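Report on one structure; see the data block that follows.
All values below were derived from every heavy atom in this structure, side-chain atoms included, with hydrogens, water molecules and symmetry-related copies excluded. Quick caveat, the model's predicted, so the values are computed rather than measured. Convention: sequence-line order gives letters A, B, ...; per-chain numbering from 1.
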Protein chains: 2
Amino acid sequence: MRGAIQLDEHFDRVGLRKTPQRLDVLEHLVRRPIHATADEIFAALNRRDPRVSRATVYNCLRDLARTGLVREVPGEGKAARYDANLHRHHHFICDVCGNVEDIEWFDVPASSWQTAAGKRRIRESEVVLRGVCSRCA
Amino acid sequence: MRGAIQLDEHFDRVGLRKTPQRLDVLEHLVRRPIHATADEIFAALNRRDPRVSRATVYNCLRDLARTGLVREVPGEGKAARYDANLHRHHHFICDVCGNVEDIEWFDVPASSWQTAAGKRRIRESEVVLRGVCSRCA
DNA sequence: ATCTAACTTTAGACATAGTCTAATAAGTAT
DNA sequence: ATACTTATTAGACTATGTCTAAAGTTAGAT
């Protein structure tokens with residue numbers, strides 16, 4: 001599969017050991033981009049292989065997040081939600097239904113934030129757009 | 001106190017009953033703008049009046065958030081963090097120390113997001129700037 | 001000022017989310 | 001293949017958040 005080969009490369013790139021569990025977690029997030037929670041991922045992997053542990057899913061998510069392959073979605077709700085992060089993007093949260101949608105990446109011009117940012121060194125700016133999604137409109 | 005009178009007015013404005021507990025929670029967030037967790041607020045209020053219940057703090061935060069007087073900070077960490085939201089603002093998260101800082105409000109020009117937003121109706125766009133804070137630089 | 005209906009608070013049981021530990025297994029460099 | 005390091009596992013544990021039903025408050029109408 002192309003997909004798997006590409007995912008392998010990402011592991012090499014960030015210097016993270018390739019383990020089946022890490023691959024499975026990342027692949028799950030890539031193939032089902034629905035901002036899954038740790039528990040949803042655990043349930044899915046554990047169904048296929050009952051030996052997969054809850055702790056492992058949390059460990060994998062932590063390591064993948066640390067190396068940037070995955071990120072926590074800044075959304076709502078109690079449980080953290082995750083996103084494969086192979087391509088940068090923003091988020092949209094619907095005022096009505098609360099769903100979180102990915103939005104294609106765009107840059108916020110420095111002229112917008114440079115005064116407000118003061119002496120901080122800014123690496124990137126992520127945007128959370130809020131409003132009404134096309135289904136709820 | 002001026003402060004208390006102003007907070008009262010906010011309750012009237014959003015149509016939320018004034019209760020001592022709600023006032024205390026809001027006042028705590030206004031006076032100590034450190035993005036406290038529910039538990040930190042509970043500890044502070046409970047120290048002054050041991051009858052204040054954990055459930056009440058959660059109820060207050062939920063109601064204050066619903067009416068917009070308070071908001072959940074889109075930051076990191078397991079426990080939700082809250083902000084008095086009497087003035088809109090953005091957030092900055094330091095790559096190094098992880099602290100969340102408030103950033104003065106600015107508008108992201110529609111020209112930045114209008115293509116990416118598609119058919120969604122956008123009400124506002126909140127920005128999370130990431131980089132290195134002035135202390136860590 | 002008092003009454004009343006609707007709303008809010010409370011304590012503590014419960015539920016959900018996430019972390020830790022120490023024994024075992026697996027990845028990787030040589 | 002070996003040795004060394006790092007990752008996984010089960011399950012106890014901690015932290016965070018929700019629910020319930022009884023008691024107490026609030027605010028508007030009298």
Donor-acceptor under 3.5 Å (B:R81 side chain, B:H35 main chain)
yes
Verify, without hydrogens or angle tests, whether B:R120 (side chain) and B:A117 (backbone) share a donor-acceptor contact under 3.5 angstrom.
yes
Nearest-Å distance for atom pair [atom1]/[atom2], residues [X] and [N]:
X	N	atom1	atom2	answer
A:L16	C:dG27	CG	C1'	12 Å
A:R17	C:dA29	CZ	C1'	10 Å
B:K78	C:dG18	NZ	C1'	5 Å
A:L23	C:dA26	CG	P	16 Å
B:K18	C:dC7	NZ	C1'	15 Å

Looking only at heavy atoms, what is the nearest atom pair of [X] and [Y], with distance?
X	Y	answer
B:H91	B:E126	ND1-OE2, 3.6 Å
A:W105	A:S125	CH2-O, 3.7 Å
A:N46	A:V52	ND2-O, 2.8 Å
B:I41	B:A36	CG1-CB, 3.8 Å

With a 4.5 Å heavy-atom cut-off, do B:N59 and B:Q21 have their side chains touching?
no
Comparing B:Y82 with A:A55, nearest DNA chain D nucleotide closer to 5' gives the residue A:A55
Give B:D63 one of three labels, base, sugar-phosphate or nothing, depending on what nucleic acid heavy atoms sit under 4.0 Å from its own.
nothing
Categorize A:T19 for me: base, sugar-phosphate, or nothing, with a 4.0 angstrom heavy-atom threshold over every strand shown.
sugar-phosphate
Could you identify which residues of residues 38-51 of chain B place a heavy atom less than 4.0 Å from some atom of DNA chain D, listed by residue number, or say none?
none
Would you say C:dG12 has OP1 or OP2 under 4.0 Å from some side-chain N or O of B:R54?
no
Looking at A:Y58, does any N or O in its side chain come under 4.0 Å of the phosphate oxygens OP1/OP2 on C:dT19?
no
Would you sort out whether B:E72 and B:Y82 count as a side-chain contact (heavy atoms from CB on, under 4.5 Å), showing the intermediate values?
CA-CA 5 Å; B:E72 250 187 69; B:Y82 295 86; 3.6 Å; yes
ILVMFWY clustering at 4.5 Å (side-chain atoms), partners of A:V127:
A:F92, A:I103, A:F106, A:V108, A:W113, A:I122, A:L129, B:F92, B:I103, B:F106, B:V108, B:W113, B:I122, B:V127, B:L129
Counted 5' to 3', the first and last nucleotides of DNA chain D within 4.0 Å (strictly under) of a heavy-atom of chain B are D:dA15 to D:dA27
